[in-house]
Amino acid sequence: MSDHKLRIVPLGGLGEVGKNMMAVEYGEKILVIDAGLMFPENDMLGIDYIIPDFQYLLDKREQVCGIIVTHGHEDHTGAIHHLVERINAPIYATPLTRGLVELKLSRGGLLSQVSMNTVQAGGMAQIGPFKVEFFHVCHSIPDGVGLGIDTPEGLIIHSGDFKFDHTPVDSWPTDYAKLGEFSGRGVLVLMADSTNADKRGWTPSERVIEPALDQVFRTASGRIIVATFASVISRMQQVANIAITHQRSLAFVGTSMNENVRISRKLGYLDIPDNLVVSVEQALKMKPNEVVLMCTGSQGEPSSILGRLSTGTNRQFDLQSGDTVVLSSHPIPGNEESVHKTINRLFRRGANVIYDAIAPVNVSGHASQEEEKLLINLVKPRHFIPIHGELRHLHQHADLARELGIPAERVATIENGHAVEFSIGVMKLGERRPGGYISVDGAEVGDIGPSVVREREALARDGIVLVNLAIDRSTCQLREEPEIITRGFIIIRDSEVLLAGMTKLIRETVRRGNGDIKEDLRNTLLSYIYNETKRRPMIFITTSRE
Ligand SMILES: [Zn+2]
Ligand SMILES: [Zn+2]
């Protein structure tokens, strides 16, 4: 019995912002916390999203006794259908989180085969050897929880995503009393959200954006378009409240936003009167100063509504002069460039754009340094593991913990795949498994490896050349002029010179005709094109012999 170890294995979210997933293992049982996705970086072309590599769980799939989802954001729920497709374990979530997870599962036709369990903040569930207590935390979505996980080795606290907001939009602050109570019982290890560990002070209350939004509504003469994440339910409530004050009707654009609104209203987490909401079609027929539209795309994603509006490729409606666009969310680290480009394009198309550098129209849902310190002081953990953040955030958070008196040897700054073990109250770093990712490209899961992404990068950067040679079977010489098609790298005014040069080289190479003509030709063309254009396109050569 005593040879049973407690093992904590981060599978995602440690060393990055996104695709959060954690395994807590005791004896022969594993509890999974969250199963999120991450949107790809700019240079991962054609990848829709990426999910954690959870091979570790697949190898032990019989041992997984439950999956807890801490809240309804995509970086905690977005991989859930990929997980339950392969692992049969019950899901535990609070009512709103459950509703949002069920939406995902029903889209994948998986809902009927998964056992769903509703838990309440303040409630408890026995899951295998783990006694889990759910405590309420403030965040930018209602009904988020942190976890107190009682194990035979000791008590684990997992903060989920949290902030200490005394005046949250839903008037439901973080459960400080419970955190104090945990510390009275003795906490083996605290794992806490590090997203804002490099921000000094306190994260402002969600309420502070209301005056800024009010100012926007007071001065906008045309339509107002507010862009945020489809799952930032608190922001929808705030926009709805202000729309009522300024007598504008509210329309939600896009499927994900409408479905999230429907579930949140049904479950009582969004209080929006029926007569406030209109369809997009209705909104487009109304006077511009009588409507506000909410849509996705605040991260500059090209395929989102805002992304399409910025490039004039949105099907249902277009930007018009007098529109005010509000970007109500911080760029996720790595997305800054595409967000700024989107803002520039929106201005170019005639919209007035309000973003957080101009007015406080957004506030973070994550704790800053003083709140992170308060959490550590409330919980008084013996050990500390920073979670949810890039490596710089994790290190900063670990520094804070040491400042507060937790000895360095009891702080573990680890990344995905790096296990931590506890035995008789002592923490030890375990083995490190590769903590990779799996890409999801449309319906394909995991087929797109790094090499395909590299090829797509090459295509995007340097273009392609297709050469078709009609070769005479008896003479092995060209029967016709070679056919050359290029895409993506030739500037028109240079193209004639370049094509003539390529044609000449192809003729010479075929005339020489020694060895593998395709390989020879590919190398010859590549060095010629590189000399002329400094590009390395992908070259495809086909031959037809007659
Ligand atoms: Zn979150
Ligand atoms: Zn998160």
Side-chain angles (χ1 to χ4, degrees), residues 10-22 32-40 49-52 67-80 83 93-94 96-101 103-104 121 134-147 158-165 168-170 172 174 191-199 203 206 228-237 256-257 260 263-264 269 296 298-299 328-335 362-368 371-372 375 385-391 393-394 397 415-416 437:
L11 298 169
L14 274 71
E16 63 201 352
V17 174
K19 71 177 179 64
N20 298 292
M21 187 184 239
M22 175 77 78
V32 179
I33 304 166
D34 291 329
L37 62 70
M38 184 159 83
F39 292 104
Y49 57 91
I50 57 183
I51 61 176
I67 302 161
I68 297 174
V69 184
T70 58
H71 64 283
H73 282 160
E74 294 271 8
D75 58 324
H76 299 256
T77 64
I80 194 88
L83 185 67
T94 57
L96 177 61
T97 310
R98 174 181 175 161
L100 296 171
V101 166
L103 260 182
K104 283 189 178 302
F134 303 86
F135 60 93
H136 181 69
V137 289
C138 285
H139 187 37
S140 49
I141 185 170
D143 224 9
V145 287
L147 312 170
H158 184 293
S159 73
D161 281 353
F162 83 102
K163 69 189 280 190
F164 286 155
D165 191 341
V169 171
D170 63 1
W172 191 4
T174 297
M191 301 192 271
D193 176 12
S194 313
T195 309
N196 279 351
D198 56 2
K199 300 239 165 35
T203 302
E206 280 180 314
T228 186
F229 289 104
S231 56
V232 181
I233 309 294
S234 320
R235 197 59 38 83
M236 297 172 184
Q237 184 68 59
S256 54
M257 200 160 253
N260 289 350
I263 293 286
S264 304
Y269 290 91
T296 58
S298 55
Q299 294 296 311
S328 188
S329 81
H330 279 300
I332 294 171
N335 290 355
N362 177 52
V363 65
S364 173
H366 299 271
S368 297
E371 294 153 280
E372 290 170 341
L375 177 65
I385 304 176
I387 60 172
H388 301 173
E390 292 184 4
L391 199 51
H393 305 125
L394 304 181
H397 205 180
E415 288 185 86
N416 297 341
Y437 65 84

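Just the heavy atoms: all of them, side chains too, but no hydrogens, waters or symmetry mates, feed the values below. Read the numbers this way: they start at 1 and go in the same order the structure lists the ligands and their atoms.
The side-chain heavy atoms of Ile68 and His158, taken from C-beta on, include no pair separated by under 4.5 Å.
Residues that satisfy the side chain to side chain donor-acceptor pair (under 3.5 Å) test with His388, not counting sequence neighbours, are Asp161. The ring-ring contact (aromatic ring centres under 6.0 Å, His included) test applied to Phe162 returns Phe164, not counting sequence neighbours. With sequence neighbours excluded, the residues satisfying salt bridge (Lys or Arg N to Asp or Glu O under 4.0 Å) with Asp165 are Lys163.
A donor atom on one side chain and an acceptor atom on the other are found under 3.5 Å apart for Gln299 and Ser329.
The aromatic rings of His71 and His73 sit perpendicular, their planes meeting at an angle over 60°, well past the 30° parallel limit.
With waters neither drawn nor counted, the protein N/O/S atoms under 2.8 Å from the Zn ion (ligand 1) amount to 4.
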